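As the structure is a prediction and not an experimental result, all values here were calculated from the model. Counting starts at 1 for both ligands and their atoms, following the listed order.
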Amino acid sequence: MNHQAGRHFLQIPGPTNTPLAVLAAIARPTIDHRGPEFGKLGREVLSGVRTIFKTANPVVIYPASGTGAWEAALVNTLSAGDKVLMFETGWFATLWNRMATRLGVVPEFIKGDWRSGVTADAIEARLREDRTHEIKAVAVVHNETSTGVTSDIAAVRRAIDSAGHPALLLVDTISSLGSIDYRHDEWGVDVTVGGSQKGLMLPPGLSFNAVSDKALAVSKAARLPRSFWDWEDMLASNEKGYFPYTPSTNLLQGLKVAIEMLHAEGLDNVFRRHQRAAEATRRAIRHWGFEIQCANEDEYSSSLTAVRLPDGHSADALRSEILARCNMSLGNGLGPLADKVFRIGHLGDFHDLMVTGTLSGVEIGLKACGVPYRAGGVEAATNYLAGNAGPLAEAA
Ligand SMILES: *Cc1c(COP(=O)(O)O)cnc(C)c1O
């Protein structure tokens with residue numbers, strides 16, 4: 001057996017580090033998912049999770065990864081041949097687009113540069129052209145995990161409204177929910193897609209659809225084949241806290257604790273903690289002399305940062321070296337960014353020491369790999385964190 005001493009640093013942008021209290025809840029014995037104890041748990045998590053999406057409407061919970069909830073959002077709202085307007089923010093937007101094609105709908109992909117977010121104006125312009133309302137949905141990614149770019153969802157809502165277009169708004173929040181402020185109801189989102197293993201601090205295996213009244217109404221006439229993903233069966237069972245098939249009982253036990261933890265800290269404090277970690281990380285990166293993949297300051301992601309390495313240097317070699325030396329995993333570049341960028345996850349359950357520890361690991365790797373950098377990035381981050389009191393210090 002090969003043993004690496006010290007705690008593993010899981011600094012990929014999801015799955016994230018699972019707090020011990022959540023792991024302990026998951027480790028409790030599995031209970032009867034048709035029994036009274038489960039009904040209570042089901043009602044608690046089904047109502048608790050709404051506060052994270054900021055919705056008064058139902059949130060459907062699937063025993064699946066986030067990809068399953070993408071599929072659920074499409075098959076419950078669309079029929080074969082329907083047009084869907086999507087925006088190429090990066091790899092995850094591209095995968096959702098590919099899924100739409102496979103399912104028999106017709107996505108139209110507004111081209112992006114993988115360095116910036118959704119342009120609401122482009123969406124508005126396209127919707128204005130669509131006078132016969134062939135486009136049935138606009139589907140965008142809130143936080144593009146391949147690039148570290150966050151899009152303005154409220155602006156997308158305004159664009160749809162200014163165009164006077166009835167399309168549904170579908171939003172992927174898999175890597176932003178619980179890390180970056182998100183408001184399903186206030187922003188008029190019709191289906192919000194979430195996952196358990198990023199800001200919610202759970203292992204992979206749960207995913208979510210928050211559903212507006214309009215989306216529910218549209219789903220009655222939507223004709224894409226669906227069975228496992230059907231909202232109707234789910235919502236009928238959910239009324240009493242149960243599920244139409246066996247739910248991920250233990251993960252739901254963990255979800256209950258994760259929701260409690262987020263509220264104990266306070267969602268606004270959670271978001272501020274993520275902003276601080278992100279800013280500290282960017283200060284280190286700039287000091288080192290590297291470019292941040294996200295081109296616009298107002299679109300910087302609070303949950304991860306993608307770093308461009310200088311030409312001629314392999315991001316994958318750097319990540320391997322860091323894993324071998326420091327027992328730390330960093331995110332790889334996806335699609336066309338493979339080997340050109342690495343991604344630092346700063347989301348979920350972490351504090352300042354984990355931020356500076358992560359950055360130290362990067363600096364060790366840079367030196368070991370002979371990548372030219374300006375020393376002192378960790379210090380730049382440390383100075384920022386020391387001078388910028390966190391939520392706990394503010395509360396004290
Ligand atoms: C992680 C992620 C996904 C994919 O979720 P899985 O749980 O891997 O299926 C989709 N979209 C975004 C934005 C993600 O970050």
Side-chain angles (χ1 to χ4, degrees), residues 10-18 52-53 60-75 84 86-100 102-103 107 109 112 114-118 139-153 156 169-182 184 189 191-210 228-229 248 251 254-255 258 274 278 293-294 299-306 329-335 337 341-348:
L10 184 64
Q11 297 307 137
I12 59 177
T16 64
N17 298 286
T18 310
I52 309 297
F53 286 86
V60 172
I61 307 179
Y62 296 105
S65 88
T67 303
W70 264 350
E71 180 158 336
L74 299 175
V75 297
V84 183
M86 299 178 119
F87 199 102
E88 186 198 8
T89 43
W91 182 247
F92 289 97
T94 301
L95 290 182
W96 202 9
N97 180 273
R98 189 170 78 186
M99 172 189 275
R102 286 177 177 176
L103 290 173
F109 214 19
W114 291 52
R115 299 200 70 170
S116 46
V118 174
V140 294
V141 175
H142 180 217
N143 185 68
E144 177 54 72
T145 321
S146 60
T147 59
V149 174
T150 306
S151 289
D152 183 347
I153 299 304
V156 176
L169 174 56
L170 317 182
V171 181
D172 169 349
T173 62
I174 295 174
S175 64
S176 49
L177 196 73
S179 305
I180 300 170
D181 191 19
Y182 184 79
H184 176 89
V189 179
V191 186
T192 299
V193 175
S196 57
Q197 76 272 26
K198 302 187 185 180
L200 296 187
M201 310 179 289
L202 290 157
L206 291 181
S207 57
F208 309 91
N209 275 179
F228 182 82
W229 305 114
S248 301
L251 288 178
L255 176 61
H274 283 75
Q293 179 67 18
C294 176
E299 292 180 325
Y300 281 150
S301 168
S302 292
S303 57
L304 79 135
T305 304
S329 296
L330 293 168
N332 61 324
L334 295 167
L337 303 179
V341 312
F342 66 96
R343 295 172 300 142
I344 301 174
H346 33 72
L347 74 165

Identity and separation of the nearest protein heavy atom to atom 8 (O) of ligand 1: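 That would be Gln197 NE2, 4.0 Å.
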
Location of contacts on Asp172 toward ligand 1, heavy atoms closer than 4.0 Å: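 Just the side chain.
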
contact_flag Glu144 ligand 1 heavy-atom lt 4.0 Å: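 Not so, Glu144 does not reach ligand 1.
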
Ligand 1 contacted by Asn143 (non-hydrogen, < 4.0 Å): yes

Plane angle bin for Tyr182 and His142 - parallel if under 30°, tilted between 30 and 60°, otherwise perpendicular: tilted

Between Ser175 and Thr145: side-chain donor-acceptor atoms closer than 3.5 Å: yes

Residues Glu88 and Trp114: side-chain donor-acceptor under 3.5 angstrom: yes

Those atoms of ligand 1 less than 4.0 Å from some heavy atom in [X]:
X	result
Ser175	13 (C), 15 (O)
Val141	13 (C)
Ser65	6 (P), 7 (O), 9 (O)
Lys198	1 (C), 2 (C), 3 (C), 14 (C), 15 (O)
Gly66	5 (O), 6 (P), 7 (O), 9 (O)
Thr145	12 (C), 13 (C), 14 (C), 15 (O)

Heavy-atom closest contact (Ser146 atom, Leu334 atom, distance): CB-CD1, 4.0 Å

Passing option when Arg343 is tested against Thr305, Leu337, Asn332 for side-chain contact (heavy atoms from CB on, under 4.5 Å): Asn332

Nearest-0.5 Å distance, CG of residue Asp172 to CD1 of residue Ile153: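 Answer for the CG-CD1 pair, Asp172 versus Ile153, is 9.0 Å.
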
N/O separation below 3.5 Å, Trp70 to ligand 1: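 In fact, backbone or side chain, Trp70 has no N or O that close.
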
Backbone N/O of Gln293 and side chain of Arg115: donor-acceptor pair under 3.5 Å: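 Yes; judged by distance alone, with no hydrogens or angles, the pair exists.
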
Whether His274 side chain and Gly348 backbone form a donor-acceptor pair below 3.5 Å: yes

